[in-house]
Protein chains: 2
Amino acid sequence: MTDPVAPLEDNTEAATKAAVFCAAERLFALHGFQNVSVRDITAEAGVNLASVNYHFGSKDALLFEIFRRRTAELNRERARMLHEANARHDGKPPVREILEALFAPPLRWGTTDNDRRISVQFIIRSRSEGTPEMREALTNDVSHLARFADALIAARPDLPRETVYWRLHFCLGMVHNNRFAEFDRLHVLSDGATREGDVEGLLKRMLDFAEAGFLA
Amino acid sequence: MTDPVAPLEDNTEAATKAAVFCAAERLFALHGFQNVSVRDITAEAGVNLASVNYHFGSKDALLFEIFRRRTAELNRERARMLHEANARHDGKPPVREILEALFAPPLRWGTTDNDRRISVQFIIRSRSEGTPEMREALTNDVSHLARFADALIAARPDLPRETVYWRLHFCLGMVHNNRFAEFDRLHVLSDGATREGDVEGLLKRMLDFAEAGFLA
DNA sequence: GTCTATAGATGGATAGAC
DNA sequence: GTCTATCCATCTATAGAC
């Protein structure tokens, strides 16, 4: 529950704001945006009803602020890993290490003992349930993805550019499908053979699959 | 607008019910379940407000009926293609043809001049925004997927079973990511290089990628 | 069966006391 | 800044006229 962004040591304004932020993120991630009311959030956070509008302006503005912060953190971590891969390979990393920079951050956030586990579900959900504002930001704000696309094009200069874009699209689909409900379904289908907890194992499986797909 | 399920030639009870069904499916697919009210649906269908409750019982029951019919149609078409692949290969079709039976039906429904285009978006959306009833059905009703899993296991008996299940999960992620919003984003990212309209081309790209991933 | 009118419940936002 | 009380809009569902 201790959000790294704002301390919770006393009952200052920042503490109330952080409590609302955390409660909203969790409830939205678990139950969906439209299924959570401002009353639910303030009750969960143990603050009064007016707090959301006082600190964030509106319910939608609160949603958007959570969305912006979490996506910025995710993009930063991905960019850092891509930067490190570049440094290791004189600016031309192989496909597998580019994909690892794309896959690893959201997967590692999803580790069962991780507070950020809920943030991943929030981000994935915002992709389909977000406000028009959020969806517009998702559609037009592709600068972070462009760096991955460029790296993949450099790693596979023999492929047509649009082929690389489509394969990046497929990889993103693999990432976005890692929702609680889909894991549960897979668990039922495989009769318990698939263990959700093994994040590093799943990362390796995803990299094996996607790397082979890229080298086709 | 002419739904194949019910004729619209006159103002019978069935015609009203079909009009509500079609209007609801389109509005839900375009704007999300929670963002569409019974008033929106009846206004779009040109019928009175009480029609939804009279013909379907409730808003959620209407949702569930659309969901059940469309998923049943999709599963039937996939099963038919898998059956044909089995017939062509003495009951042991190769990975690529199994995956084609999984990918082709929803993709071909998505052709721009197809009335079923909207049905695919509805099904994809129900996966993340559905009612608890729908999500329970999605989680526990895996018999149609089990046939694909079994076929893939038979095609790749050298792989551990759980590896096949995970790779099937990855393939489903590729399918579920084919939403309008994601196509738009990819269009922006690739600066227009990816054309959404070429369904058969996209099917080939998906099969190339996933087949290679399976043969890793 | 179809439609109008309305009940009954809920939610977002805000005024105003402290 | 915090909190209570409340306004007002919107929604689902239904009763009852025709």
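On a predicted model such as this, the values are computed, not experimentally measured, just so you know. To find a chain, count down the sequence lines: A is the first, B the second, and so on, and within it residues start at 1.
- Rounded to whole Å, the distance from CD on B:Q34 to C1' on D:dT10 is 14 Å.
- Every residue two or more places apart in sequence or in another chain was checked for a side chain to side chain contact (heavy atoms under 4.5 Å, CB included) with A:D150, and none qualifies.
- Remark: B:R69 is positioned above the aromatic ring of B:F21, its terminal NZ or CZ atom under 6.0 angstrom from the ring centre and at most 45 degrees off the axis.
- Between B:F33 atom CZ and D:dC11 atom C1' the separation is 18 Å, expressed in whole Å.
- Partners of B:E182 according to the side chain to side chain contact (heavy atoms under 4.5 Å, CB included) rule, which considers only residues two or more places apart in sequence or in another chain, are A:R127, A:H169, A:H176, B:N177, B:R179, B:R185.
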Using a cut-off of 4.0 Å between protein heavy atoms and nucleotide atoms, how would you tag nucleotides 11-18 of chain C 5' to 3' with B, S and -?
BBBB----
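- For A:H55 and D:dG1, the shortest distance from a side-chain N or O to OP1 or OP2 is not below 4.0 Å.
- For B:F28, the ring-ring contact (aromatic ring centres under 6.0 Å, His included) partners are B:F33, not counting sequence neighbours.
- Every pair passing salt bridge (charged side-chain N to carboxylate O under 4.0 Å, His left out) that includes a residue from residues 128-142 of chain B is listed here, sequence neighbours excluded: B:R125-B:E129.
- Applying the salt bridge (charged side-chain N to carboxylate O under 4.0 Å, His left out) test to pairs two or more places apart or on separate chains, those with a residue in residues 95-112 of chain A are A:R88-A:E97, A:R96-A:D208, A:R96-A:E211, A:R108-A:E200.
- Of the side-chain N and O atoms in A:T16, one or more sit less than 4.0 angstrom from OP1 or OP2 of D:dT2.
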